[in-house]
2 protein chains.
Amino acid sequence: MAERKRPGHLARAVTKQAERKERGDLYAPLCPSRGVLEHVTSRWGVLVLVVLLQGTRRFSELRREVAGVSEKMLAQTLQALEQDGFVLREVYPVIPPRVDYSLTPLGREVAGHVEVLTDWIEENLSRVLEARKRHVPKRGTEE
Amino acid sequence: MAERKRPGHLARAVTKQAERKERGDLYAPLCPSRGVLEHVTSRWGVLVLVVLLQGTRRFSELRREVAGVSEKMLAQTLQALEQDGFVLREVYPVIPPRVDYSLTPLGREVAGHVEVLTDWIEENLSRVLEARKRHVPKRGTEE
DNA sequence: CAGAATCCGATTTGATACTG
DNA sequence: CAGTATCAAATCGGATTCTG
């Protein structure tokens, strides 16, 4: 073992020029996969995805469930996720306006992985908090 | 079904006042779990965790492997992850200085989940890119 | 080598209106 | 209701300089 360097596509010999559909490489600064990752792991993107995993939601409902998000950020987040094909936006021409947001099949896949992560964090928060206490801010005045 | 609202601890009746070690609630704006989530899902945090999953790394190695990160951001990211107990920092008092970074058991757990996510994104990049093409920027001039 | 500290412009974010 | 537009505040983030 001395070849496997990159985590993602390690030991995969993708070098066969543009072979398949094209896989991303997060370790290439210019790869668009970085952008996708950022949409998915963005502050509000994560929470929106996981909430939508529970079912369809309206804008105002998301606003309430994802506590703390501003209208602007929520709209912006939803647009990014919609553009990437994770979220479906359905507008009903009624008065008052009604817009439903839901996950696409693609979205359900990522959201599933994201949820595992968020669940882990919620579940293990105490362990992290313990670690923080244990952690010395600087290096102690003495050892 | 009409009770399950919150994704994370849904249908769990945590309401028994401060029962166990305390679980986080990402849907509570003030819960520290939000901070942990942000460290883990931060721009560079994600990449650092996945790289460290491959094994111990020195500062300069991380700098190279996580292409695009600046010294400042890398240091900052590592500090956050170290504080949360995900990363272990070992200093060797030699000249020139040597510092090794590795994952703690706790870190290996999160990093594992994070890797599943990043792998999915790399793997499915083409699907997302397709969705983006398909996506109409505004609402077309006509339908 | 491994950072800490500083300067400072580029983004991001968030209230607060305003619109269809 | 579901956003968009706007403006100021807060952060981010990188290049540079300086130690141990």
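Given the structure is predicted, the values throughout are model-derived calculations rather than measurements. All chains are named by letter (A, B, ...) in the order of the sequence lines, taking the proteins before the strands, and each is independently numbered beginning at 1.
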Atom-to-atom span, [atom1] of [X] to [atom2] of [N] - whole angstrom:
X: A/Glu61; N: D/dG3; atom1: CD; atom2: C1'; value: 16 Å
X: A/Glu38; N: C/dT11; atom1: CD; atom2: C1'; value: 12 Å
X: A/Lys72; N: D/dT6; atom1: NZ; atom2: C1'; value: 8 Å
X: A/Gln76; N: C/dT13; atom1: CD; atom2: P; value: 7 Å
X: A/Glu71; N: C/dA17; atom1: CD; atom2: P; value: 12 Å
X: A/Arg64; N: D/dC1; atom1: CZ; atom2: C1'; value: 11 Å
X: A/Trp44; N: C/dT13; atom1: CH2; atom2: C1'; value: 10 Å
X: A/Phe59; N: D/dC1; atom1: CZ; atom2: C1'; value: 10 Å

Query raised in the report: Residues in side chain to side chain contact (heavy atoms under 4.5 Å, CB included) with B/Gln83, at least two apart?
Result: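 Here the qualifying residues are A/His135.
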Query raised in the report: What's the shortest heavy-atom distance between B/Tyr27 and A/Glu65, and which atoms?
Result: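 Answer, listing the atom of B/Tyr27 first, then A/Glu65: CD2-O, 3.4 Å.
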Report summary line: All heavy atoms of B/His113 vs all of A/Val116, minimum pair found to be ND1-CG1, 3.4 Å
Report summary line: Taking D/dC1, D/dA2, C/dC1 as options, the one with an atom nearest any side-chain atom of A/Pro96 is D/dC1
Report task. Taking only the side-chain heavy atoms of A/Ala75 (C-beta and beyond), determine which of C/dA2, D/dT4, D/dC1 contains the nearest atom. Result ->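 Among the listed nucleotides, the one closest to the side chain of A/Ala75 is D/dT4.
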Requested in this report: Check the side chains of B/Arg89 and B/Tyr101 for a donor-acceptor pair under 3.5 angstrom, ignoring hydrogens and angles.
Outcome: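 Judged by distance alone, the side chains do pair up.
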I want to check one thing: is the phosphate of [N], taken as OP1 and OP2, less than 4.0 Å away from some side-chain N or O of [X]?
X: A/Arg63; N: D/dC1; result: no
X: B/Arg43; N: D/dC12; result: no
X: A/Tyr101; N: D/dC1; result: no
X: B/Ser70; N: D/dA15; result: no
X: B/Arg58; N: C/dA2; result: yes

Query raised in the report: How do A/Pro97 and B/Gln79 order along DNA chain C: which one's closest nucleotide is nearer the 5' end?
Result: B/Gln79
Report summary line: So side chain to side chain donor-acceptor pair (under 3.5 Å) across residues 67-79 of chain A, not counting sequence neighbours, yields none
**Report entry** Comparing B/Val69 and A/Ser60 on DNA chain D - which has the more 5′ nearest nucleotide
**Finding:** A/Ser60
